[in-house]
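Step one of this worksheet: look at the structure below.
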Amino acid sequence: MHDHEQQQPVPERGKILDALTRAERATVTRPAPKSAKAQMKFLLTRAKGSTTALAERLGVSRRTVERYRAGKLTTPQKRLQDALVEETESEWQPQVRAQARAAASTSRGMMVEATAYFGFTCTGSSDDGRERQITTDISPTYVKQILELQEAGATEEDLHSIIAEAITQSYFTEWGTRAEGLRADFTSVSSISFRF
């Protein structure tokens, strides 16, 4: 196996963390670089020119990074291509993404669309738990908590309770105007998406 073929797999995230990442990346105002050479050049500027540091991030050799930067290699294998796209998009327009996060956590809030199994606890009677597709706004207070947990390295399970509480407040209890004392838990997330 050659230097440029030795690659580490890109770690997988859960559905909620992926959805938060997609929502943040949707706020960019210009498209990220597409070619492998342009992505390497951009990532090298972010790594302050260190081919060694970039090679470690991408899971390839330093020489492979140099070859792509020079244009000697142009078509990366699937793992390297995935790593280049992931790293480029995660570093692209950080100020624009930070402004969107700040606005969502202070004034705008965020839209959530989730298909998941919702179970309920309430005084009196309530619907039995079942899978529901729900689209609702989440208040800036909850958005701030969700984003802080994400930045702190929270797991999917850590985010479930705060997102369930946010959906309960906005959708099921309509900000405390009905179904007092209702608590919803959600599990078995089929799909979820957010919009800042």
Fill in the blank from the handout: Smallest heavy-atom separation, Tyr68 atom then Met40 atom, equals CB-CG, 3.5 Å
Exercise for the section: Would you please name every residue forming a salt bridge (charged side-chain N to carboxylate O under 4.0 Å, His left out) with Arg62, sequence neighbours left out? Expected result: Glu66
Problem - Side chains of Val85 and Gln39 in contact at under 4.5 Å (non-hydrogen atoms) - result: yes
Problem - Phe42 side chain reached by Leu84 side chain, heavy atoms, under 4.5 Å - result: no
Handout entry: N/O donor-acceptor pair under 3.5 Å between Glu156 side chain and Leu17 backbone
Key = yes
Practice task
List the steps and the verdict of side chain to side chain contact (heavy atoms under 4.5 Å, CB included) for Glu113 and Ser191.
Solution key: CA-CA 8 Å; Glu113 183 175 323; Ser191 67; over 6 Å; no
Handout entry: Sidechain-backbone polar pair: Arg69 side chain, Ala38 backbone, donor-acceptor under 3.5 Å
Key = no
Handout entry: Sidechain-backbone polar pair: Glu91 side chain, Arg46 backbone, donor-acceptor under 3.5 Å
Key = no
Problem - Main-chain N/O of Ala103 paired to Ser107 side chain as donor or acceptor, under 3.5 Å - result: yes
Practice task
Grab the two heavy atoms, one from Ala19 and one from Ser193, that are nearest each other, plus how far apart they are.
Solution key: CB-CA, 4.0 Å
Problem - Heavy-atom check, side chain of Trp92 versus side chain of Pro33, under 4.5 Å - result: yes
Handout entry: Short side-chain to backbone donor-acceptor contact, Lys15 and Ile192, under 3.5 Å
Key = no
